[in-house]
Amino acid sequence: MIRVKRPLTLTGVELGEPTGNIALGKATYVAKPKGEVSYTGGWRGTAPVPQDRERVDWSDRKQVAGARVEPGLYYVFMPLTVSAPARYDGVDLIWTDDSGATGLSTWDVQDTFKKHCG
């Protein structure tokens, strides 16, 4: 989840220092529904379970690239295609504000995907 403090145009999302076989698909976002608790984590497949899709207004998602967002809370969804072993170190959200300044906001998150034998 991200908190936007001033109007921004989102220009992209990138994985920080990806290694191995990992690719980021088209990121989407949706405003956090009022009254809902924070929703984070991942799932296998192309969408969360039906009850979670309803909780996060899944059907209202929009593409991150080029999106205009106002101050508020937003869920950002980043589809990953992974063939282990793979890793990334952080997620960068790239934006432009009304003055024309560009910036980068980084989530300090790391994930490692390992092959499992068994």
Side-chain angles (χ1 to χ4, degrees):
M1 186 168 56
I2 62 169
R3 177 182 308 274
V4 175
K5 295 183 178 181
R6 64 183 186 275
L8 298 172
T9 299
L10 305 177
T11 57
V13 175
E14 296 178 355
L15 297 177
E17 301 180 28
T19 59
N21 297 312
I22 188 167
L24 175 62
K26 291 187 180 188
T28 57
Y29 78 98
V30 67
K32 178 183 172 287
K34 293 192 184 314
E36 283 296 329
V37 297
S38 295
Y39 183 85
T40 61
W43 59 84
R44 288 181 176 234
T46 59
V49 296
Q51 69 189 38
D52 288 346
R53 288 192 297 253
E54 186 176 318
R55 282 184 50 214
V56 301
D57 288 345
W58 183 258
S59 62
D60 293 336
R61 293 171 303 133
K62 298 178 180 128
Q63 294 292 318
V64 165
R68 173 74 177 176
V69 292
E70 297 299 321
L73 297 172
Y74 296 87
Y75 294 128
V76 177
F77 303 98
M78 301 172 301
L80 299 175
T81 302
V82 179
S83 176
R87 174 178 171 74
Y88 68 90
D89 187 11
V91 176
D92 298 325
L93 179 67
I94 306 151
W95 49 266
T96 302
D97 69 14
D98 288 348
S99 72
T102 59
L104 180 77
S105 297
T106 301
W107 285 291
D108 186 21
V109 58
Q110 299 85 30
D111 271 323
T112 299
F113 304 90
K114 298 178 182 179
K115 289 187 178 184
H116 293 282
C117 298

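The chain is numbered in sequence order, starting from 1.
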Just verifying a value: how many Å separate [X] [atom1] and [Y] [atom2], rounded to the nearest 0.5 Å?
| X | Y | atom1 | atom2 | answer |
| --- | --- | --- | --- | --- |
| Asp89 | Glu17 | CG | CD | 5.0 Å |
| Thr106 | Ile94 | OG1 | CD1 | 9.0 Å |
| Asp97 | Arg6 | CG | CZ | 4.5 Å |
| Leu73 | Arg3 | CG | CZ | 4.5 Å |
| Leu93 | Leu10 | CG | CG | 5.0 Å |

Which residues pass the salt bridge (charged side-chain N to carboxylate O under 4.0 Å, His left out) test with Arg68, sequence neighbours left out?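 For Arg68 the salt bridge (charged side-chain N to carboxylate O under 4.0 Å, His left out) partners, ignoring immediate neighbours, are Glu70, Asp98.
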Does Arg61 use its side chain to pair, donor to acceptor, with the backbone of Thr28 at less than 3.5 Å?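 No; judged by distance alone, with no hydrogens or angles, the pair does not exist.
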Backbone N or O of Arg55 within a donor-acceptor pair of the Asp52 side chain at under 3.5 Å?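 Checking the backbone N and O of Arg55 against the side chain of Asp52, no donor-acceptor pair under 3.5 Å is found.
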In terms of side-chain heavy atoms, does Thr11 have a donor or acceptor partner in Trp95 at a distance below 3.5 Å?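 No - no donor-acceptor pair under 3.5 Å links their side chains.
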Quick one: do Val13 and Val91 satisfy side chain to side chain contact (heavy atoms under 4.5 Å, CB included)? Show the steps, please. CA-CA 7 Å; Val13 175; Val91 176; 3.7 Å; yes
Stepwise side chain to side chain contact (heavy atoms under 4.5 Å, CB included) check, Ile22 with Leu15: CA-CA 9 Å; Ile22 188 167; Leu15 297 177; 4.0 Å; yes
Which atom of [X] lies closest to which atom of [Y], heavy atoms considered:
| X | Y | answer |
| --- | --- | --- |
| Val30 | Asp60 | CG2-CB, 3.8 Å |
| Pro33 | Asp57 | CG-OD2, 3.4 Å |
| Tyr74 | Ala31 | CD2-CA, 3.6 Å |

Verify the cluster assignment for Leu104 and Val64: are they in a single hydrophobic cluster under the rule of side-chain heavy atoms below 4.5 Å apart?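 Leu104 and Val64: separate clusters.
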